[in-house]
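Note that the structure is predicted; figures quoted are calculated from it, not measured. Basis for what follows: all heavy atoms, side chains included, without hydrogens, waters or symmetry-related copies.
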Amino acid sequence: MFKHLDEKHQQIIKALLMVFLVFLIGTAGFKILAPSVPDGKGGMQPIGWLTSIYMTVISLTTVGYGESIPVQGDPALMVFTSVLLLSGIGMLTFFIGRLTAFLIEGSLTHIFRRRKMTKQISRLREHFIVCGAGETSINAIRELHNTKRPFAVIDIDDQKLEQIHQEFEAPYIVGDASEEVFLEEAGIAHAKGLLACLPTDKDNLFVALTARQMNANLRIIAKVQDPSNNEKFLRHGADGIASPQVIGGLRLISELIRPQVVSFLDIMLRDKDRMVRIEEVIISRDSSYAGKSLKEAAYRQKFQMQILAIRGPGLEKFDYMPDPEEPIEAGATLVVLGNADRVADLRKAVEA
């Protein structure tokens, strides 16, 4: 009956049911065994249910009020009351003990877990901050988790955050993402990027503005509902914007005119056995790969991945079919297709 509850909740409910059972037995016992009492008109009448309930309550709680039913002198009532007192006190003690243990353990568990997450977040470096735990954010969080990127989530809804924590083991902060104190707690000073994905444009704009003031080097991407607000976001802190309406429209037309491409991307993103992604990797200034051509670096042989395009430092256009003999400058960006773990290995190699 209570299989959907954990063991501690089951124990509390069972203890409460046992106390209630003792209460029902006590009430019925006093009703049946108690002698009739004068009705004030010269006759006798059996005691009422309210008197039986009252007698049971003062017996189980041992408050010491006077007996409303004469027990002394009636062997059956004396034995029944004695058994009721012993069993009732035992059941109440057990119930109170279970309830107290549950409350104390639950509070301590929550405190320890919050401290653990706080320490976990404080150790994050080059991580991402997701502001918002709505339906749009979930997909972003899932991708960060699947590609093994460190991140933390901020939202005011602790229930949604708890669900995210259980599914992705993601550290979270309960609070308003537009307030500096919570952004600081999320380690914004050491973060690599921030996603403003709150329900309204007003909130996302304020998050972007606040985050930019706190970290000038942070990459900030914001969700924008109203396209007329695009310029406001780009002027006040956001590096990039994404409109659910625009993305939805492009997805619909892509399904119509290039279904196999869409199917390829969907399968790639959902494949749990092979975590293949299209990623970007920047060759650092001091990298041993700087100045080497694709042929010399042998990316495909060493890291089992395909170089799809190269973007030179300071350039706007991509070279979609790079010459394997052409040296690649330091600061260039490689667009690669490969396993997420192998991409991580490549990133360490070329950014070192």
**Asked** So T147 and E279, side-chain contact (heavy atoms from CB on, under 4.5 Å) or not? Walk me through it.
**Response** CA-CA 10 Å; T147 55; E279 292 277 5; 3.9 Å; yes

**Prompt:** Stepwise, does the side-chain contact (heavy atoms from CB on, under 4.5 Å) test hold for R277 with N146?
**Reply:** CA-CA 10 Å; R277 292 291 187 273; N146 289 341; 3.9 Å; yes

**Request:** Tell me, with the steps shown, if L183 and T210 meet side-chain contact (heavy atoms from CB on, under 4.5 Å).
**Result:** CA-CA 9 Å; L183 291 173; T210 305; 3.9 Å; yes

**Message:** For a side-chain contact (heavy atoms from CB on, under 4.5 Å) check, start with the C-alpha distance between F23 and I25, then their side-chain angles and the critical distance, and finish with the verdict.
**Reply:** CA-CA 5 Å; F23 175 80; I25 292 173; over 6 Å; no

**Asked** Given the rule in the side-chain hydrogen bond (donor to acceptor under 3.5 Å, both in side chains) test, do S228 and D226 qualify, once you have shown the distances and angles that lead to the verdict?
**Response** CA-CA 5 Å; S228 65; D226 187 352; 2.9 Å; yes

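For E280, the CD atom counts as loosely surrounded, since its 6.0 Å shell holds 12 or fewer non-hydrogen atoms of other residues, nucleotides or ligands. Atom CD1 of I53 sits in a crowded spot, with more than 12 heavy atoms from other residues, nucleotides or ligands closer than 6.0 Å. Around the NZ atom of K232, the shell of radius 6.0 Å holds no more than 12 heavy atoms that belong to other residues, nucleotides or ligands. Residue R274 places its CZ atom among 12 or fewer non-hydrogen atoms of other residues, nucleotides or ligands, all under 6.0 Å distant. Environment of CE in M18: sparse, with no more than 12 heavy atoms of neighbouring residues, nucleotides or ligands closer than 6.0 Å. Within a 6.0 Å radius of CZ in F206, other residues, nucleotides and ligands contribute 12 heavy atoms or fewer.
In this structure, Y54 is a member of the same hydrophobic cluster as V22, with clusters built from ILVMFWY side-chain heavy atoms closer than 4.5 Å. I129 and M214 fall within the same hydrophobic cluster, defined by Ile, Leu, Val, Met, Phe, Trp and Tyr side-chain heavy atoms under 4.5 Å apart, directly or through other members. Transitive grouping of hydrophobic side chains (ILVMFWY, heavy atoms separated by less than 4.5 Å) brings V207 and V181 into a common cluster. With hydrophobic clusters built from ILVMFWY side chains whose heavy atoms lie under 4.5 angstrom apart, L337 does not share a cluster with M305. Hydrophobic clustering of Ile, Leu, Val, Met, Phe, Trp and Tyr side chains at less than 4.5 Å, counting indirect connections, unites V350 with I310.
Taken from NZ in K192 to CG in L218, the straight-line distance is 11.5 Å, to the nearest 0.5 Å. Rounding to the nearest 0.5 Å gives a distance of 11.0 Å between CG of L198 and CD of Q225. Rounding to the nearest 0.5 Å gives a distance of 11.5 Å between OG of S263 and CE of M268. Atom CD1 in I141 sits 8.5 Å away from atom CG in L195 (nearest 0.5 Å). Taken to the nearest 0.5 Å, the CD1 atom of I247 stands 12.0 Å off from the CG atom of L252. Taking CD1 from I220 and CG from L194, the interatomic distance works out to 6.0 Å, rounded to the nearest 0.5 Å.
Closest approach of A238 and A208 over heavy atoms only: N-CB, 4.4 Å. Among all heavy-atom pairs drawn from A133 and I164, the shortest one is CB-CD1, 3.6 Å. When all heavy atoms are compared, the tightest approach of F151 to A170 is CE1-CB, 3.5 Å. For the residue pair F303 and A349, the shortest heavy atom distance occurs at CZ-CB, 3.9 Å. Heavy-atom minimum distance, D155 versus L161: O-CD1, 3.3 Å. Across all their heavy atoms, D201 and F233 have their closest contact at O-CZ, 3.3 Å.
Residues D341 and K148 are paired through a salt bridge, judged by an N-O separation under 4.0 Å between the basic side chain and the carboxylate. Electrostatic pairing of R149 and E143 does not count as a salt bridge here, judged by no charged N lying under 4.0 Å from a carboxylate O. Looking at K160 and E135, no side-chain N of the basic residue comes within less than 4.0 Å of a carboxylate O on the acidic one, giving no salt bridge.
For residues 309-333, the salt bridge (charged side-chain N to carboxylate O under 4.0 Å, His left out) pairs, not counting sequence neighbours, are K295-E325. Within the structure, the salt bridge (charged side-chain N to carboxylate O under 4.0 Å, His left out) test picks out the following pairs touching residues 210-223 (sequence neighbours left out): R212-D239. Evaluation of the salt bridge (charged side-chain N to carboxylate O under 4.0 Å, His left out) test over residues 165-188, restricted to residues two or more places apart or in two chains, returns R114-E185, R142-E167. Within the structure, the ring-ring contact (aromatic ring centres under 6.0 Å, His included) test picks out no pair touching residues 315-347 (sequence neighbours left out).
Using modelled atom types, no side-chain atom of H236 and backbone atom of L209 make a donor-acceptor pair closer than 3.5 Å. Between the R285 side chain and the A330 main chain, a donor and an acceptor come within less than 3.5 Å of each other.
Between V281 and V343, some side-chain heavy-atom pair lies under the 4.5 Å cut-off. Side-chain contact between I328 and I283: present, with at least one pair of heavy atoms (C-beta onward) separated by less than 4.5 Å.
Partners of S243 by side chain to side chain donor-acceptor pair (under 3.5 Å), not counting sequence neighbours, listed by chain and number: Q245.
Taking the six-membered ring wherever Trp is involved, the centroid distance between the rings of Y299 and Y289 falls below 6.0 Å.
Other cluster members for I257: I253, L256, joined by side-chain heavy-atom distances under 4.5 Å among Ile, Leu, Val, Met, Phe, Trp and Tyr.
Using modelled atom types, one finds a donor on one side chain and an acceptor on the other under 3.5 Å when comparing T200 with D203.
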